[in-house]
Amino acid sequence: MKDRHGLLTQPIGRVLLTMSLPNLIGILTVLGFSLVDTFFISQLGTESLAAISFTFPVTLIISSIAIGIGAGVSTNLGRLIGAGYADKAKVFLHDSLVLSFLITVLISLLGSWFIDPLFSLLGANQSSLPLIHNYMFTWYLGAPLLVLLMVGNQGLRATGDTKSPAKIMMLAAIINLILDPLLIFGIGPFPRLAIQGAAIASVVSWLVALSLSSHLLIFKRHLVEFTQFSWIRFKANYKQLAHIAQPAALMNLLNPLANAMIMAILARIDHSAVAAFGAGTRLESVMLIVVMALSSSLVPFVAQNLGAGQTTRARDAVLLSVKFVLLFQTLLYLPLIFAAEPLARLFSHDPQVIEWLSFYILVLPAAYGPLGVVILVATSLNAYHRPVSSLLLNVCRLFLIMLPLAALGSYLGGVKGLLLALPVTNTIMGVACYILARRISEPPTKGKRKTKHKGQ
C-alpha cells in the first residue's frame with residue numbers, strides 16, 4: 001500500500017481538507033438515517049417521538065462499540081501502512097472484521113432478550129414500550145450488518161480513501177429516505193408499519209451498503225486477506241486491536257450512557273422533554289458534522305505520520321484542526337440564534353416539545369466549539385496510542401462534571417436548568433483540551449521504537 005493520498009508528503013491543510021470533504025458527505029448520510037427517521041416518526045405524534053428518543057442511547061451503544069473497533073482498526077492499519085507492512089495490515093483487517101461480527105451478534109441477542117426491562121428502567125411508560133419493542137427487535141437483527149459496514153469503511157479510510165465510504169453511505173441514505181415514508185405510513189402497496197417501518201428501512205439500506213463495501217474491500221482493493229485460522233495470530237491481533245478499541249469503545253459508550261441518565265431524569269419531569277431531547281441530540285449530530293468528519297480524517301493522518309516517524313507533522317495537524325473547529329463552530333452558531341423555534345417546529349406540533357427543543361437549540365450549540373476541541377483531542381490521543389488518556393477525558397467531562405451539574409440544574413431549574421448544565425460542561429472541558437492539544441507529542445518509548453506488528 002503506497003502513500004497514494006499524500007498523507008506523509010503533501011501540505012497538512014490540503015490533505016485534511018481533501019480527506020474531510022468525502023468524510024463530511026459520508027457522516028452526513030449516516031446522520032441522515034436517524035434524522036430522517038426522527039422527522040417521519042415525529043409525524044406520528046409525541047408518543048412515537050418519545051419512543052424513538054428512548055432508543056437513541058441504546059442504539060448508540062452498539063454504534064459506539066463499532067466506532068471503538070473502527071478506531072483500533074484505523075490506528076493500527078495506519079501505523080502498519082505507514083511503516084510498510086501492507087500484508088500484515090490485510091490479515092489484521094480480516095481478523096478485526098470477524099471479531100466485530102461475533103461481538104455484535106452476542107450483544108444483539110442479549111439486547112433483544114431484555115428490551116422491555118431495559119427501557120422500563122430508562123423511564124419508558126406502558127404506552128411507549130410496545131412501540132420501542134417493535135423498533136428495537138428489528139434493529140437488533142440488522143445491528144451486525146451496521147457494525148461490519150462501519151468497521152470495513154474505517155479500513156478503507158485508513159488507506160487514505162475517504163471517497164468510497166462516503167459514496168456507499170450516500171447510497172444507503174437514499175435507500176433509507178425512500179423506504180422510510182413508504183413503510184412508516186403504508187404508502188401504495190406497502191403495509192403501514194409505523195415505527196417498525198423505520199427500523200426495516202434502515203436494515204435494508206445497511207445490507208445494500210455492506211454488499212458494496214465488501215466487494216470493494218475484498219475483490220477490488222484486496223485489502224482483506226483470508227488466511228488459515230491461527231489462534232495465536234488471532235489472539236495477538238485481538239490484543240493489538242483491543243489496546244485502542246477497548247478504551248475507545250468505552251469512551252464512546254460513555255456518551256450514550258450519560259444521555260440515558262439525562263433522559264431518565266427528564267422522563268421523571270416531563271415526557272415532552274424526552275421527545276425534545278431526542279430530537280435535539282439528532283440536530284446536535286448534524287451541527288457537529290464538520291468536527292466528526294475532521295476527526296475521522298485526523299486519526300489515519302496522525303497514525304500514518306507517527307508510523308513514518310514524522311511526529312512534528314502529526315502534532316501540527318492536531319493544532320491546525322483544533323483552531324479551525326473553534327472558529328467554524330462559533331460562526332455556525334450565529335444563525336441558530338434566530339432559527340431555534342422554526343427548527344423546533346419541524347419536529348413537533350406540541351407546544352411543550354417546541355418550547356423545550358427551541359431552548360435546546362438556542363443554548364447548547366453555543367459551546368459546540370469547545371466540544372469540538374474535546375472530540376478532536378480525544379480521537380487524536382488514540383492515534384498517539386494513548387487510549388486511556390482519551391478515556392479519562394470523557395470520564396471527567398461526563399461523570400465528574402456534566403451529570404452532577406445536570407442533577408443540580410434539574411433540581412434548581414427543571415428542564416431548562418438541566419440543559420444549561422451541558423454547555424457549561426463543554427466549555428470547561430474545551431479549555432482544558434485546548435491546553436492539552438498545545439502540548440501533545442509522541443509518547444516516549446524505552447529503547448529503540450519497534451515497528452514490527454505483534455503476533456504476525
Side-chain angles (χ1 to χ4, degrees), residues 21-45 47-53 55-56 58-60 62-63 66 108 131-153 156 162-217 275 278-279 281-287 289 292-293 343 345-349:
L21 285 177
N23 271 343
L24 185 67
I25 298 172
I27 295 172
L28 181 60
T29 57
V30 172
L31 297 177
F33 279 90
S34 56
L35 197 60
V36 166
D37 288 352
T38 302
F39 173 76
F40 285 119
I41 290 172
S42 70
Q43 309 307 305
L44 299 173
E47 196 63 55
S48 294
L49 181 58
I52 196 67
S53 298
T55 70
F56 292 157
V58 178
T59 57
L60 278 174
I62 291 184
S63 298
S108 296
L131 300 174
I132 293 171
H133 192 282
N134 288 339
Y135 181 87
M136 287 305 304
F137 188 80
T138 303
W139 194 93
Y140 277 130
L141 290 176
L145 304 177
L146 173 64
V147 172
L148 284 176
L149 175 62
M150 293 175 69
V151 174
N153 281 346
L156 289 170
T162 57
K163 293 181 180 179
S164 298
K167 293 177 181 177
I168 291 171
M169 294 311 299
M170 185 183 298
L171 175 62
I174 293 172
I175 294 172
N176 183 69
L177 177 63
I178 294 172
L179 290 179
D180 249 357
L182 298 178
L183 295 174
I184 291 173
F185 304 116
I187 298 174
F190 296 91
R192 180 184 172 88
L193 299 175
I195 192 171
Q196 187 181 34
I200 294 173
S202 295
V203 172
V204 171
S205 63
W206 297 339
L207 179 60
V208 174
L210 179 60
S211 300
L212 294 174
S213 180
S214 299
H215 174 76
L216 195 60
L217 281 168
T281 55
R282 281 329 193 220
L283 287 171
E284 178 177 289
S285 299
V286 174
M287 294 174 196
I289 186 172
M292 303 307 297
L343 280 174
R345 291 186 180 279
L346 291 176
F347 291 90
S348 180
H349 301 293

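This chain uses plain numbering: 1 for the first residue, then up along the sequence. In this text, all values refer to a predicted model and were calculated from it rather than measured experimentally.
To the nearest 0.5 Å, atom OG1 of residue Thr38 and atom CG of residue Leu283 are 8.5 Å apart. The structure places OG of Ser164 at 4.5 Å from CG of Leu216, a figure rounded to the nearest 0.5 Å. One distance of note links CG of Leu207 with CG of Leu212; it measures 10.0 Å at 0.5 Å rounding. A distance of 6.5 Å separates OG in Ser205 from CD1 in Ile175, rounded to the nearest 0.5 Å. Once rounded to the nearest 0.5 Å, the distance linking OG of Ser63 with CG of Leu146 reads 5.0 Å. Taken to the nearest 0.5 Å, the OG atom of Ser211 stands 14.5 Å off from the CH2 atom of Trp206.
For the side chain to side chain donor-acceptor pair (under 3.5 Å) test, residues two or more places apart in sequence or in another chain that qualify with Ser213 are Asn153. For Leu183, the side chain to side chain contact (heavy atoms under 4.5 Å, CB included) partners two or more places apart in sequence, or in a different chain, are Leu179, Phe190, Leu193, Ile200, Ala201. For Ser214, the side chain to side chain contact (heavy atoms under 4.5 Å, CB included) partners two or more places apart in sequence, or in a different chain, are Leu210, Ile218. For Val58, the side chain to side chain contact (heavy atoms under 4.5 Å, CB included) partners two or more places apart in sequence, or in a different chain, are Leu118, Phe119, Leu122, Met136, Tyr140. Residues passing the salt bridge (charged side-chain N to carboxylate O under 4.0 Å, His left out) test with Arg192, sequence neighbours excluded: none. Annotation: side chain to side chain contact (heavy atoms under 4.5 Å, CB included) contacts of Pro181 (sequence neighbours excluded): Phe40, Phe185, Ile187. Scanning for side chain to side chain donor-acceptor pair (under 3.5 Å) contacts around Glu47 gives Ser127, Ser128, with sequence neighbours left out. Here Gln196 pairs with Thr138 under the side chain to side chain donor-acceptor pair (under 3.5 Å) rule; sequence neighbours left out. For the side chain to side chain donor-acceptor pair (under 3.5 Å) test, no residue two or more places apart in sequence or in another chain qualifies with Ser348.
Side chain of Thr281 to main chain of Gly278: a donor-acceptor pair is present (N/O by atom type, distance under 3.5 Å, no hydrogens or angles).
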Working note: Ile168 + Leu149, criterion side-chain contact (heavy atoms from CB on, under 4.5 Å); need CA distance, chi angles, decisive distance, verdict. CA-CA 10 Å; Ile168 291 171; Leu149 175 62; 4.3 Å; yes

For Trp139 and Thr55, run side-chain contact (heavy atoms from CB on, under 4.5 Å): C-alpha distance rounded to whole Å, both residues' side-chain angles, the deciding distance at 0.1 Å, then the answer. CA-CA 10 Å; Trp139 194 93; Thr55 70; over 6 Å; no

Quick one: do Asp37 and Asn176 satisfy side-chain contact (heavy atoms from CB on, under 4.5 Å)? Show the steps, please. CA-CA 9 Å; Asp37 288 352; Asn176 183 69; 3.7 Å; yes

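The minimum heavy-atom distance linking Tyr135 with Ala198 is given by the pair CE1-CB, 4.1 Å. Heavy-atom minimum distance, Ser42 versus Leu49: CB-CD1, 4.1 Å. Looking at every heavy atom in both residues, Ala51 comes nearest to Ile195 through CB-CD1, 4.2 Å. Considering every non-hydrogen atom in both Ile62 and Ser108, the closest pair reads CD1-OG, 4.2 Å.
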